[in-house]
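First the structure, in the form of structure tokens, and then the observations on it.
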Amino acid sequence: MNSLPKATHSIPGAVYGVVSTDILEDILVDLAKENEERLANLSEYAGSFKHQKVIELVFLLSELWCQDSSTKYQAVEILDRFMILHIEEMYNSTAESKKEVEASHCRTWNSIKSSLCDTFMLRIVSCVQIASKLYFHCHIINNNAVLQFLKSAGCTYNKVEVLESELTVLKTLKFRINHLSPFTYVEMLLEVLGHNGSTVSLKDFRDMCIKVMDLVYLLRNPIYDMLLKASVDLSTPSDLQRTKFVSVKEDQMLLATGVIATSAYILIQGSWNEVLDHLQCITGITVSSTFEISSVILKQCVGVTDLIK
């Protein structure tokens, strides 16, 4: 990947302070509702493909193709939802023929698993490419750039196969690809904090939130594992506790609140309690919950062990 020329087009910057309070309130209500609906219909396998190496590759590809931060987070979310549904569809298709011969069923499923592994790199690229189309038209990743990368990664595909992969992702998700990423919640909460009189530049706040969000995505498993152990007060949570905790791991409003609180601690530690209070008023998430997730993020990301509450 390092040998590929990097795109040079610029990315439009975020603009704050142009939305009225009434509109902000309506958007916040919609965001909270979408988050609740998403959690209510969550797959028990949600997050299964948010592995560090996969996320790292998505981030590097987004950087290579000069994408906005929104693209990389969205691509991770699209990939996770797609792979879970895609594998379920593939498995169910083999289960239908299970009535025939059990050994044949096993061979078929093993063949499918091998195919899933072989095409995984292409699926990752397709998800990044699709995510790029949700934002700025001038920043869409074209098929030539995709083919160039795949070739450098030792994968042999043509334009038709790249298009077919995109279509497979879209059809599997029933073309419902514009689900919000946690960063959408971050940006909206920052907008509200700005209206409430934030003492730090929102641009600086956003830049720090991106750094923290990147770390949280990359260190997702250890961060949430520590949070789970703290919440159940056990060093070895049960499988049932881990299953129930999936909804916490996928709570985008909670994650956004934790990222902003962590960024506030780094940038304006003296006003941290004030930010926590503001976030509670905005999101309804208690100061205690925000403090807990921020503490875990800071411990994992920057080694802070003693927070002043």
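For the numbers below, each heavy atom of this structure counts, side chains included, while hydrogens, waters and symmetry mates do not. Just so we're clear, the structure is a prediction, and the values are computed from it rather than from any experiment.
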So [Y] and [X], do their side chains get closer than 4.5 Å, heavy atoms only?
X    : Y    : value
C155 : F149 : no
F183 : R206 : yes
F49  : I87  : yes
L189 : M253 : yes
P182 : Y217 : yes
K244 : L240 : yes
W272 : I268 : no
I293 : V259 : no

Any chain of hydrophobic side-chain contacts (each under 4.5 Å) joining [X] to [Y]?
X    : Y    : result
L267 : L215 : no
V29  : I23  : no
V232 : Y224 : yes

| Single hit among R242, R220, K299 for salt bridge (Lys or Arg N to Asp or Glu O under 4.0 Å) with D225 |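 Of all the options given, the one that passes is R242.
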
For the [atom1] atom of [X] and the [atom2] atom of [Y], what is their distance to the nearest 0.5 Å?
X    : Y    : atom1 : atom2 : answer
E89  : H86  : CD    : NE2   : 7.5 Å
S126 : E164 : OG    : CD    : 10.5 Å
L85  : T172 : CG    : OG1   : 7.0 Å
W65  : K72  : CH2   : NZ    : 14.5 Å
L279 : T257 : CG    : OG1   : 5.5 Å
N41  : S43  : CG    : OG    : 11.0 Å

Shortest non-hydrogen separation from [X] to [Y] and the atoms involved:
X    : Y    : answer
L218 : F59  : CG-CE2, 4.2 Å
S132 : T71  : N-CG2, 3.7 Å
L79  : V54  : CD2-CG1, 3.5 Å
G47  : I84  : N-CD1, 4.3 Å
I177 : L173 : CG2-CD1, 3.9 Å
G194 : L202 : CA-CD1, 3.9 Å

| said: If hydrophobic residues (ILVMFWY) are linked whenever their side-chain heavy atoms come closer than 4.5 Å, directly or via other members, who joins L163 in its cluster? | reply: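 Cluster partners of L163: none, it stands alone.
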
| query | Tracing side-chain links under 4.5 Å among I, L, V, M, F, W and Y, which residues wind up in one group with L42? | reply |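 L42 shares its hydrophobic cluster with L39, V246.
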
| field | Under the salt bridge (charged side-chain N to carboxylate O under 4.0 Å, His left out) test, residues paired with R38 that sit two or more places apart | value |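 Residues passing salt bridge (charged side-chain N to carboxylate O under 4.0 Å, His left out) with R38: E77, E250.
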
Answer yes if the side chains of [X] and [Y] hold a donor-acceptor pair under 3.5 Å, and no otherwise.
X    : Y    : answer
N142 : Q129 : no
Y73  : D214 : yes
S165 : T168 : no
N144 : K159 : yes

| query | Passes side-chain contact (heavy atoms from CB on, under 4.5 Å), S263 versus F205? Steps please. | reply | CA-CA 7 Å; S263 301; F205 223 145; 3.8 Å; yes

| task | Inspect the surroundings of OH in Y45 and state if more than 12 heavy atoms from other residues, nucleotides or ligands are less than 6.0 Å away. | result |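 Check fails, neighbour count at 12 or below.
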
| query | So with a 6.0 Å cut-off around CG of D233, is the heavy-atom count from everything else above 12? | reply |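 Open: at most 12 neighbouring heavy atoms sit under 6.0 Å from CG of D233.
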
Donor-acceptor pair, side chain of [X] and main chain of [Y], under 3.5 angstrom:
X    : Y    : result
Y157 : L150 : no
E187 : T184 : no
D251 : L254 : yes
T243 : D239 : yes
S271 : E274 : no
Q300 : I223 : no

| task | Report the C-alpha distance between I260 and L190 in whole Å, list the side-chain angles of each, state the deciding distance to 0.1 Å, and finish with yes or no for side-chain contact (heavy atoms from CB on, under 4.5 Å). | result | CA-CA 8 Å; I260 291 175; L190 286 180; 4.2 Å; yes

| task | Please lay out, stage by stage, how Q67 and I141 fare under the test side-chain contact (heavy atoms from CB on, under 4.5 Å). | result | CA-CA 9 Å; Q67 295 296 303; I141 302 164; 3.6 Å; yes

| message | Among L122, V125, I130, exactly one meets side-chain contact (heavy atoms from CB on, under 4.5 Å) together with E166. Which residue is that? | response |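 Answer to the side-chain contact (heavy atoms from CB on, under 4.5 Å) test with E166 among L122, V125, I130: I130.
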
| query | Out of M188, E36, Q252, which residue meets the side-chain contact (heavy atoms from CB on, under 4.5 Å) rule with L31? | reply |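 The single option meeting the side-chain contact (heavy atoms from CB on, under 4.5 Å) with L31 is M188.
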
| said: If you apply the rule side-chain contact (heavy atoms from CB on, under 4.5 Å), what do you find for Q52 with N221, and how did you get there? | reply: CA-CA 8 Å; Q52 181 177 341; N221 288 334; over 6 Å; no

